[in-house]
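Letters A, B, ... mirror the listed sequences (proteins, then strands); counts begin at 1. If you're wondering where the values come from, they're calculated on a predicted model, not measured in any experiment.
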There are 2 protein chains.
Amino acid sequence: MENITEMLKGVLEGCVLEIISRGETYGYEITQQLRKLGFTDVVEGTVYTITMRLEKKNLVNIEKKPSTMGPPRKFYTLNEAGQEQLKIFWEKWEFISSKMNELKKMKPKGEAI
Amino acid sequence: MENITEMLKGVLEGCVLEIISRGETYGYEITQQLRKLGFTDVVEGTVYTITMRLEKKNLVNIEKKPSTMGPPRKFYTLNEAGQEQLKIFWEKWEFISSKMNELKKMKPKGEAI
DNA sequence: CTTGTTACATCATTAGTCTATGTAAACCTT
DNA sequence: AAGGTTTACATAGACTAATGATGTAACAAG
């Protein structure tokens, strides 16, 4: 799917929270997961800015560990605030999602339902 | 619902396209429709920038008509390009929507499906 | 004639993603 | 050991979209 960038705004961060909530993971792996999910154009830089934001907002715990396959990794896990934020994210998503479905199903002005 | 601004990016324009597709309408009325739908914090300025964008992208036809209740209104209708754009919008929405549901239902790393 | 509603318009700010690029660690091949 | 590939984190600058604040103007009601 091309050019979904704008529609991903405000959504990607939630996706990253969700992915981290599954168990400790690091930036590069998160990027792979997002691509595997279907968001094929997401790049490392984008995920990096998101994880930085999560750090700054104190939603994650961080642990640096060496890797056998390259440079050391920064592993993230959700803390309690992060889990709360994830919950809020899904509530927002459900809200918008339901409204969009409502709009899509709505009939033109004059017509009866 | 508070603070869904970021999540509305790339979505609102599609909503406006959809609303216009129901029949000719104008900026102020579109704002009311969006608020009625549930996006209560959408302001006129936002809708204005969207309709301006639609004009610039040549997705709408415009007709100025006097109003009995205030200043003249700029009525919009979708042209063919606009309808095509609307179709593409819903395809994008369906794509992201399905991926998000997939993500939400996904089990943690180790678990079987 | 002042106030309220309708309605379009503009500017500056904020936020999020992307492009492009850099740096460096570990591995494999020659 | 020199060079290439993959892994992995990091940063700067550009672009787009929504918002807040504000302005302008038409019309109705009192």
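Using a 4.5 Å heavy-atom cutoff, the side chains of B:P72 and B:S67 are not in contact. Using a 4.5 Å cut-off on side-chain heavy atoms (C-beta onward), A:M1 and A:I4 make contact. A 4.5 Å side-chain heavy-atom check between B:F39 and B:L12 finds at least one atom pair inside the cut-off.
Looking at residues two or more places apart in sequence or on another chain, you find no side-chain hydrogen bond (donor to acceptor under 3.5 Å, both in side chains) involving B:E102.
Distances from the side chain of A:V43 to the nucleotides C:dT17, D:dA8, C:dT19 place C:dT19 closest. When the nucleotides D:dT7, D:dA17, D:dT19 are ranked by their closest atom to the side chain of A:M69, D:dT7 comes out on top. Closest to the side chain of A:K74, from the set D:dC9, C:dC18, C:dG16, is D:dC9. Listed candidates were C:dT10, D:dT7, C:dC18. Nearest to the side chain of A:L8 is C:dC18. In the set D:dT19, D:dT7, D:dA25, the nucleotide with an atom closest to the side chain of A:P71 is D:dT7.
The interatomic distance linking B:L54 (CG) with D:dA18 (P) rounds to 10 Å, in whole Å. B:K64 places its NZ atom 14 Å from the C1' atom of C:dT6, with the value rounded to the nearest Å. Atom CD1 of A:I62 is separated from atom P of D:dC9 by 11 Å (rounded to the nearest Å). Summarising the geometry, the separation between OH on A:Y76 and P on D:dA8 is reported as 13 Å, rounded to the nearest angstrom. A:Q32 has its CD atom 10 Å from the C1' atom of D:dT6, to the nearest Å. Rounded to whole Å, the distance from CG on A:N3 to P on D:dC15 is 15 Å. Per the geometry, CE belonging to B:M52 stands 19 Å off P belonging to C:dA7, to the nearest Å. At whole-Å resolution of the value, CD1 in A:I4 and C1' in C:dG16 are 14 Å apart.
Take the nearest nucleotide of DNA chain D for A:E55 and for A:E6: the residue whose nucleotide is more 5' is A:E55.
Phosphate proximity of D:dA8 to A:Y26: present, with a side-chain N or O under 4.0 Å from OP1 or OP2. Dashed line: the shortest gap from a side-chain N or O of B:Y28 to OP1 or OP2 of C:dT6 is under 4.0 Å. A sub-4.0 Å separation between OP1 or OP2 of D:dT16 and a side-chain N or O of B:R53 is absent. Within the 4.0 Å cut-off from OP1 or OP2 of C:dA26, not a single side-chain nitrogen or oxygen of A:T68 is found. Phosphate contact (OP1/OP2 of D:dT19, side-chain N/O of B:T5, threshold under 4.0 Å): present. Contact annotation: B:S67 side-chain N/O to C:dA7 OP1/OP2 distance is under 4.0 Å. Distances shorter than 4.0 Å separate none of the side-chain N or O atoms of A:Y48 from OP1 or OP2 on D:dC9. In this structure, A:R73 does not reach the C:dA25 phosphate: none of its side-chain N or O atoms is under 4.0 Å from OP1 or OP2.
With hydrogens and angles ignored, the 3.5 Å screen pairs no side-chain donor or acceptor of B:N58 with any backbone N or O of B:A81.
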Q: Just do the side chain to side chain donor-acceptor pair (under 3.5 Å) check on A:E63 and A:Y76 with the steps written out, would you?
A: CA-CA 7 Å; A:E63 206 182 337; A:Y76 297 99; over 6 Å; no
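Side-chain atoms of B:K9 come within donor-acceptor range of the base of C:dA15, with a qualifying N/O pair under 3.5 Å.
Residue contacts shown for A:T51 are absent, as no nucleic acid heavy atom lies under 4.0 Å away. Among the heavy atoms of the strands, none lies under 4.0 Å from A:P66.
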